[in-house]
Structures are given as structure tokens and as C-alpha cells.
Amino acid sequence: MKLTVVGGGSTYTPELIDGIAGRRVGLAVDEVVLVDPDVGRLEVVGAFSRRLLAHAGHPARVTTTTDLERGADGASAVLLQLRVGGQAARASDETFPLVCDCVGQETTGAGGLAKALRTVPVVLDIADRVRRVAGDDAWIVDFTNPVGIVTRALLRAGHRAVGLCNVAITFQRWTAGLLGVPPDSVRLGHVGLNHLSWETGVFVDGVDRLPELLADHADALGGHVGLPGSLVRRLGAVPSYYLKYFYEHDEVVRRQHVEPPRAEVVAGVEEELLGVYADPTVVTKPEQLSRRGGAYYSEAAVQLVHALTGGGGAEQHVVNVRNGGALPFLPDDAVVEVPAAVDGGGAAPLPVPPVPPAFAGLIAHVTAYEQLALDAALHGGRDRVADALLAHPLVGQHAVADRLADELVARNADFLPWARGASGKGAR
């Protein structure tokens, strides 16, 4: 099996390689190809990845290339983990919304829209090129944010794609520790959208242990997701840590006005990691990688690829997949993040219990925004950008949406062909 990683020069990549090297899943990988336009990073990450596999005694070879077609030719699965514009664009996403006292974040709100506008056209071009050389049977696994919007774009274009996020597996591993049970024995009642999800059940051997967790560990659960334990207990579910941008919007903005953006922190961690990776004596995953983010990404990705490439019978994974009626209050072509049965034929959402109105309303609201965001990413136009922002619950006022739209377009014009001329501002 050939596995291709687009964005292979990322400091995330050794997480994935470590998952393969650990053989926690019998994924029979013969070759991992790292594709990236940054030759310097590619060489450093590629060499370290080879040392990781060799130290673990894994026979797979690691190759590197800047040529997408060469890297994807003959691949069984292609993982997308790219960042258009790098950490500099992320820093912009995390700061420009603050001019209107709106949350600055790279995957939701105005910052998330900016990232979607830069990313969707690039990912669709990559996917088309991958399909030409790898064939219709190759799977695309998207880890690139905003995962829900990007996956919806891929599916709408007819690609064989599944979106992946590490929120669910991180919570699964953490709650297994609280309960003192093996992680693989925990099944989550996970429902929502990417970065807008709740855990409505924590099942061990078919028994829902969430009531016990809420009764005994509400403060710990709240601390884990950055919200008060009393709120978690009242909700009767555990929101993902991205819900703090909605449930504590003003407090988050207050902190963002005085704290350095996450992009600055990550840039420092990345510089440190690349220095560690370049040390030829380092042959195991460094501790600093835990500060990069993406915990358990390797396990989630390896397990998902194993299922998609026919590694066994149907497996259950929390993924981003076409709704298809799983949440009846959403359009069928919306992309939801729910448990799904995954095998060589793809991912099919499992039945979802009725969603409480407090969650369903927000899910429907953000889904409508995501549809408008995708339209803006596909067709361009300043007014489409403003309309998407007006529909987002973290913006929602026309004067704010207009100001943020102008700021977003100006800051990202180099990445948006339609915005480079005077016609971009008024274009529908």
C-alpha cells in the first residue's frame, strides 16, 4: 500500500509516522510519500520519519517529492494536512476579527471563513489532480481545516472523501482514563459539525457512563473543554472545547485582546521541533510534539485509512460525512460529524438519537453559514463573503459583517484571484 501525505513537510507528520510505526493497527503500508512545496522542511521531516520507522523496525519506506502527481500516482489513500498561507495567514485569521470584538480563530467565525476561502480552491485542485493519477478508487482523507466545509466541497465535487478531526478520539482517550477502562472499549455519542459538537453519551460495554461522569467529574470535564463544570452538568452533555467560542464569546475576546495569538505560539513550537527533527540522533517522537496540537491524530488517521482500504469488517469511527438524513433537520448534502460505519465502501452515518433543541438550533445555524461559506469559496465575491459572515452566529450584524468582509478580502487578496482587482470588492 502506498500512502501519500499532502503537506508532508508539516511538523504534524511525525505523529502520523509514529502511528504507523507503532503497529497499533495492522495497516500494511509499504510506502509513505510526503508531498510538500517546501524542500527544506520536506528534507528534515522526511529524514526524521525514516529514522522513526527504522528504529521501530517497520519495513515501510519514506519518500519525498514536491511533485503532487508523482507522489499520488498509485496511492491507495491521500491525506490532506495543508495550510494555505502558513502560520502568517493563521495569525491574520486570529487577529483581524478583533477589530470588531469578534472571536479571532482559524476554524470558526470570520477567521475560519478566511481560511475556507483560501483553502477550498486549492484542495479541489489537488483532489482533481490526485484522481487523474491515483484513479477513482483512491481515498482522500481530509485533516485540513475547516474540515466540515472542505469535506463538503470534496463530496460535492464527486470525490471519494472523508473528513477527520481529533476532537472525538482525544475525548475518548481522556474519558477512558477517568473511567479506568481500555480506550477501545469506549464508544461516544458524538453529534454535531466539525468543531461544533457535543458528547451526548459515553458507552462502555453498551452502558452509558455519561451520567456517572457528569455526577462525579463535572468540574474535570469542564476544565478539559474550557468551560464551567456547572454548565456542562446543566447541558447534560459535554461540548467540545470549540464551544467556548460560542458559550463564552466575550470572555474569550477579552483574553485575545491581551494574549499572543496561537499562531505565534505554534510558530515557536514548530521552529523548535524542526531543530529536534534535524538532529540525527533523535529516533523517537519528541515530547515537544505534544505542544503542537493534534493529539491522537496518528491513531485516528491510521485506523480510518485501515478501515477505508478494506483492512477488515466495518469499523466505527467518528468522521465528517454526508448527512444523508442522519440529522433530519439538516439538508442531506450537509456534512456532519457523527459516528459512522466505515469499510472499503466508505463511511455511512449511524443512527443518531434526537438532538436537543439547544444543540440542534446552533447546528442548523452554523450549517447554513457553511453552505454560504462554500458558495463564497467556490464563486468569490465580496458580497458573498459578507452574506456568509452575516449568517454566522459569532458575527450576525450587518455593519460588523460588512466591515469584517472588507478586512478579510483585503488581507487575503493574494490568495483570492477574484479579489485582486477593483471588481473584487463589489462582485456578487
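Note: hydrogens, waters and symmetry copies are ignored here, and every other heavy atom, side chains too, is used.
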- Task: Report the C-alpha distance between Asn145 and Val150 in whole Å, list the side-chain angles of each, state the deciding distance to 0.1 Å, and finish with yes or no for side chain to side chain contact (heavy atoms under 4.5 Å, CB included).
- Result: CA-CA 7 Å; Asn145 283 318; Val150 172; over 6 Å; no
- Could you check Phe143 against Leu80 for side chain to side chain contact (heavy atoms under 4.5 Å, CB included), going step by step and ending with a plain yes or no? CA-CA 6 Å; Phe143 195 66; Leu80 305 182; over 6 Å; no
- Message: Please evaluate residues Val45 and Leu34 with respect to the criterion side chain to side chain contact (heavy atoms under 4.5 Å, CB included), reporting the C-alpha separation (whole Å), side-chain torsions for both, the decisive distance (0.1 Å), and the verdict.
- Response: CA-CA 9 Å; Val45 173; Leu34 309 183; 4.2 Å; yes
- Query: Do Tyr241 and Leu227 pass the side chain to side chain contact (heavy atoms under 4.5 Å, CB included) test, and can you show the C-alpha distance, the side-chain angles, and the key distance before you say yes or no?
  - Reply: CA-CA 8 Å; Tyr241 49 84; Leu227 289 166; over 6 Å; no
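With a 4.5 Å cut-off on side-chain heavy atoms, Phe48 and Val276 do not count as touching. With contacts defined as side-chain heavy-atom distances shorter than 4.5 Å, the pair Phe171/Leu221 qualifies. When side chains are defined from C-beta on, Ile17 does not count as touching Val5, because their heavy atoms never get closer than 4.5 Å. Counting only heavy atoms from C-beta outward, the side chains of Val395 and Leu390 never approach each other to under 4.5 Å. Under the 4.5 Å side-chain criterion, counting only non-hydrogen atoms from C-beta, Val32 is not in contact with Thr63. Trp198 is not listed as a side-chain neighbour of Ser240, based on a closest heavy-atom distance of 4.5 Å or more. In this structure, the side chains of His195 and Cys165 come closer than 4.5 Å at one or more pairs of heavy atoms. The shortest side-chain heavy-atom distance between Thr107 and Tyr245 does not fall under the 4.5 Å cut-off.
If you check the side chains of Gln105 and Tyr242, you find no donor sitting under 3.5 Å from an acceptor. There is no side-chain donor-acceptor pair under 3.5 Å between Glu199 and Thr175.
To the nearest 0.5 Å, the span separating OG on Ser76 from CG on Leu3 amounts to 8.5 Å. Here the CG-OG1 distance, from Leu82 to Thr144, works out to 4.0 Å after rounding to the nearest 0.5 Å. To the nearest 0.5 angstrom, Asp137 atom CG is 12.5 Å from Leu308 atom CG. Between Leu42 atom CG and Ser10 atom OG the span is 11.5 Å, to the nearest 0.5 Å. Summarising the geometry, atom CG belonging to Leu98 is positioned 10.0 Å from atom CG belonging to Leu404; distances are rounded to the nearest 0.5 Å. Put simply, CD on Glu264 and CD on Gln87 are 10.5 Å apart, with the number rounded to the nearest 0.5 Å.
Environment of CD in Glu287: crowded, with over 12 heavy atoms of neighbouring residues, nucleotides or ligands closer than 6.0 Å. Atom NE2 of His257 has more than 12 neighbouring heavy atoms from other residues, nucleotides or ligands inside a 6.0 Å radius.
In this structure, the side chain of Gln172 does not engage the main chain of Arg187 through any donor-acceptor pair within 3.5 Å. Glu315 places no side-chain N or O within 3.5 Å of a backbone atom of Val342 that could act as its donor or acceptor partner. A donor-acceptor pair is defined here as one N or O able to donate and one able to accept, closer than 3.5 Å; such a pair exists between the side chain of Thr200 and the backbone of Gly189. Of the possible polar contacts, none joining the Thr4 side chain to the Val33 backbone as a donor-acceptor pair under 3.5 Å is found.
Applying the salt bridge (Lys or Arg N to Asp or Glu O under 4.0 Å) rule to pairs touching residues 68-83 yields Glu69-Arg129, Arg83-Glu106, sequence neighbours excluded. Among pairs with a residue in residues 210-226, those fulfilling salt bridge (Lys or Arg N to Asp or Glu O under 4.0 Å) read Arg209-Glu212, at least two apart in sequence or across chains. Listed by first and then second residue, the side-chain hydrogen bond (donor to acceptor under 3.5 Å, both in side chains) pairs that reach into residues 108-123 are Asp93-Arg118, Thr108-His392, Arg118-Asn412, sequence neighbours excluded. For residues 324-341, every residue pair satisfying the salt bridge (Lys or Arg N to Asp or Glu O under 4.0 Å) rule, not counting sequence neighbours, is listed here: Arg152-Asp333.
Shown here are the side chain to side chain donor-acceptor pair (under 3.5 Å) partners of Thr95, two or more places apart in sequence or in another chain: there are none. Applying the side chain to side chain contact (heavy atoms under 4.5 Å, CB included) rule to Ala127 yields the partners Ile140, Leu154, His159; only residues at least two apart in sequence or on another chain are considered. In this structure, the salt bridge (Lys or Arg N to Asp or Glu O under 4.0 Å) partners of Asp128, at least two apart in sequence or on a different chain, are Arg131. Applying the salt bridge (Lys or Arg N to Asp or Glu O under 4.0 Å) test to Arg233 and every residue at least two apart in sequence or in another chain returns nothing. Every residue two or more places apart in sequence or in another chain that forms a side chain to side chain donor-acceptor pair (under 3.5 Å) with Glu251 is listed here: Arg254, Arg255. Scored by the salt bridge (Lys or Arg N to Asp or Glu O under 4.0 Å) test, Asp67 finds no partners at all (sequence neighbours excluded). For Lys285, the salt bridge (Lys or Arg N to Asp or Glu O under 4.0 Å) test picks out Glu15, Asp18, with sequence neighbours left out.
Pairing each heavy atom of Ala134 with each of Ala75, the nearest pair is CB-O, 3.9 Å. In terms of heavy-atom proximity, Gly163 sits nearest to Thr151 at CA-OG1, 3.3 Å. Contact record, Leu231 with Tyr247: CD2-CD1, 3.9 Å, taken as the closest heavy-atom pair. Contact detail for Gly104 and Pro97: the closest heavy-atom pair is CA-CG, 4.0 Å. Taking all atoms of both residues into account, the shortest heavy-atom contact from Trp139 to Gly345 is CZ2-C, 3.9 Å. Between Asp142 and Val147, the shortest heavy-atom contact is OD2-CA, 3.8 Å.
For the pair Arg403 and Glu407, the salt-bridge criterion is not met [side-chain N within less than 4.0 Å of a carboxylate O]. A salt bridge links Arg382 with Asp406: at least one charged nitrogen is closer than 4.0 Å to a carboxylate oxygen.
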Would you tabulate the side-chain donor-acceptor contacts of residues 362-376 under 3.5 Å, counting partners in other chains and residues two or more places apart, or write 'none'?
unit_1	atom_1	unit_2	atom_2	d
His365	NE2	Ala391	O	2.9
Thr367	OG1	Ile363	O	2.8

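A side-chain contact (heavy atoms from CB on, under 4.5 Å) with Val202 is found for one member of Leu214, Val186, Leu178, Val181 and no other, namely Val186.
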